[in-house]
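In what follows, residues are counted from 1 in the order of the sequence shown. Small disclaimer: the values here were computed from a predicted structure and weren't measured.
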Amino acid sequence: MRAILAGGLVLGVGCTLTLAAWNDSEFAAGTFTASSFQIESSVNSGGAWLAHPTSGSAATMAFNAAGMSPSSVNYAPIWIRTTAGSLSGTLTLRGASNDNAALAAALAYRVVRYSSGTCDSSQFTAGASYLVGTSASKVPLTTSGSATAVAANSLSPTQMCFEVTMLASADNSLQGATVTATWEIKGTPDS
């Protein structure tokens with residue numbers, strides 16, 4: 001009986017050792033590259049393009065703003081575009097920070113998006129595309145604007161025309177004062 005049991009155990013072990021399974025594998029890999037979204041600006045109507053990513057490196061718009069008096073108006077363009085290879089996106093103008101609250105409060109502004117012509121009073125018509133203010137109203141420098149599109153891959157710059165006015169009610173004590181207003185134009189990619 002022991003011999004039969006031992007034989008059965010050996011047979012069982014032998015069966016386990018002789019079982020085999022064929023196998024094979026396939027592998028697949030994918031390479032992923034992150035998209036890019038970067039913007040740059042030009043303050044001379046597309047003559048030179050540079051990145052100004054911080055308030056300390058802000059582009060200097062060409063306002064003719066020396067010697068402003070009550071009711072005087074100044075204009076300056078800034079063009080924004082994406083860099084080569086960048087996604088399209090949305091631009092949002094943030095209200096300005098400033099270094100002289102009293103003088104900043106005596107200034108009002110509005111901004112339009114335009115596609116041709118010079119950045120001057122002719123851009124501020126009733127049918128213009130206002131990002132800040134309206135054809136009938138100017139707002140404080142600290143007012144943020146509405147969003148506008150920016151094209152992908154350096155195509156079709158978004159042209160903005162700023163109009164800054166010293167209020168007729170500006171206080172006499174502001175004579176000779178200076179203020180630097182710094183706006184942020186925040187870019188957000190579409191995807």
Side-chain angles (χ1 to χ4, degrees), residues 37-53 55 57-98 103-104 106-170 178-190:
F37 180 75
Q38 295 177 329
I39 56 176
E40 57 190 359
S41 63
S42 172
V43 293
N44 61 358
S45 302
W49 292 94
L50 296 169
H52 302 92
S55 61
S57 67
T60 302
M61 291 191 286
F63 286 103
N64 183 17
M68 287 188 77
S69 301
S71 300
S72 62
V73 182
N74 281 278
Y75 301 90
I78 187 164
W79 293 12
I80 308 292
R81 71 177 185 186
T82 56
T83 58
S86 179
L87 298 169
S88 61
T90 301
L91 302 173
T92 305
L93 180 63
R94 305 282 174 100
S97 61
N98 65 77
L103 183 53
L107 301 173
Y109 86 122
R110 55 190 181 165
V111 179
V112 295
R113 180 175 179 164
Y114 68 108
S115 58
S116 63
T118 303
C119 175
D120 59 23
S121 61
S122 68
Q123 299 295 343
F124 293 85
T125 63
S129 177
Y130 284 85
L131 302 177
V132 177
T134 66
S135 62
S137 67
K138 299 171 187 179
V139 297
L141 299 183
T142 54
T143 305
S144 294
S146 59
T148 191
V150 63
N153 201 30
S154 300
L155 302 174
S156 303
T158 299
Q159 299 173 205
M160 297 180 192
C161 182
F162 281 64
E163 177 190 77
V164 177
T165 302
M166 181 174 273
L167 301 176
S169 60
T178 301
V179 63
T180 299
T182 304
W183 289 273
E184 177 185 6
I185 301 168
K186 182 80 170 179
T188 307
D190 285 337

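Looking at Asn153, its side chain never comes within 3.5 Å of a backbone N or O of Leu155 through a donor-acceptor pair. Here the side chain of Tyr75 pairs no donor or acceptor atom with the backbone of Asn64 at under 3.5 angstrom. Between the side chain of Ser144 and the backbone N or O of Gly95, at least one donor-acceptor pair lies under 3.5 Å. Looking at Arg81, its side chain never comes within 3.5 Å of a backbone N or O of Ser42 through a donor-acceptor pair. Between the side chain of Thr82 and the backbone N or O of Ser154, at least one donor-acceptor pair lies under 3.5 Å.
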- [ ] Give the C-alpha distance, both sets of side-chain angles, the deciding distance and a yes or no for side-chain contact (heavy atoms from CB on, under 4.5 Å) between Asn98 and Leu107.
- [x] CA-CA 11 Å; Asn98 65 77; Leu107 301 173; over 6 Å; no
Open item on the list: Pair Met61, Trp183 - check side-chain contact (heavy atoms from CB on, under 4.5 Å), show working.
Closed with: CA-CA 11 Å; Met61 291 191 286; Trp183 289 273; 3.7 Å; yes
TODO: Would you sort out whether Ser129 and Val112 count as a side-chain contact (heavy atoms from CB on, under 4.5 Å), showing the intermediate values?
DONE: CA-CA 5 Å; Ser129 177; Val112 295; 5.7 Å; no
Open item on the list: For Val132 and Val139: C-alpha separation, side-chain torsions, deciding distance, then whether side-chain contact (heavy atoms from CB on, under 4.5 Å) applies.
Closed with: CA-CA 8 Å; Val132 177; Val139 297; 3.3 Å; yes
Task: Evaluation steps, side-chain hydrogen bond (donor to acceptor under 3.5 Å, both in side chains), between Ser72 and Ser69 - done: CA-CA 5 Å; Ser72 62; Ser69 301; 5.3 Å; no
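The shortest heavy-atom contact between Ser55 and Thr182 is CB-CG2, 4.1 Å. When all heavy atoms are compared, the tightest approach of Ser135 to Ala126 is CB-CA, 3.7 Å. Phe37 and Thr188 get closest at one heavy-atom pair: CE2-N, 3.5 Å. Of all the heavy atoms in Thr165 and Met68, the pair that sits closest is C-CE, 4.2 Å. When all heavy atoms of Val43 and Ala59 are compared, the pair lying nearest together is CG1-CB, 3.7 Å. Between Ala152 and Ser88, the shortest heavy-atom contact is CB-N, 3.4 Å.
Ring geometry for Tyr114 against Trp79 counts as perpendicular: the plane angle is over 60°, on a 0 to 90° scale with 30° as the lower cut.
Separating the CG atom in Leu93 from the CD atom in Glu184 is a distance of 9.5 Å, to the nearest 0.5 Å. We find the CD-OG1 distance between Gln159 and Thr148 to be 11.5 Å, quoted to the nearest 0.5 Å. Atom CD of Gln123 and atom CZ of Phe162 lie 14.0 Å apart (nearest 0.5 Å). Atom OG1 of Thr134 sits about 11.5 Å away from atom CZ of Phe124, to the nearest 0.5 Å. Expressed to the nearest 0.5 Å, how far CD1 of Ile80 lies from CZ of Arg113 amounts to 11.0 Å. The CG atom of Leu87 sits 10.5 Å away from atom CD of Gln38, with the distance rounded to the nearest 0.5 Å.
Side-chain atoms of Ser86 and Thr83 include no donor-acceptor pair closer than 3.5 Å.
Thr158 places none of its side-chain heavy atoms less than 4.5 Å from the side chain of Ile185. In this structure the side chain of Asn74 never reaches within 4.5 angstrom of the side chain of Met166, judged on heavy atoms.
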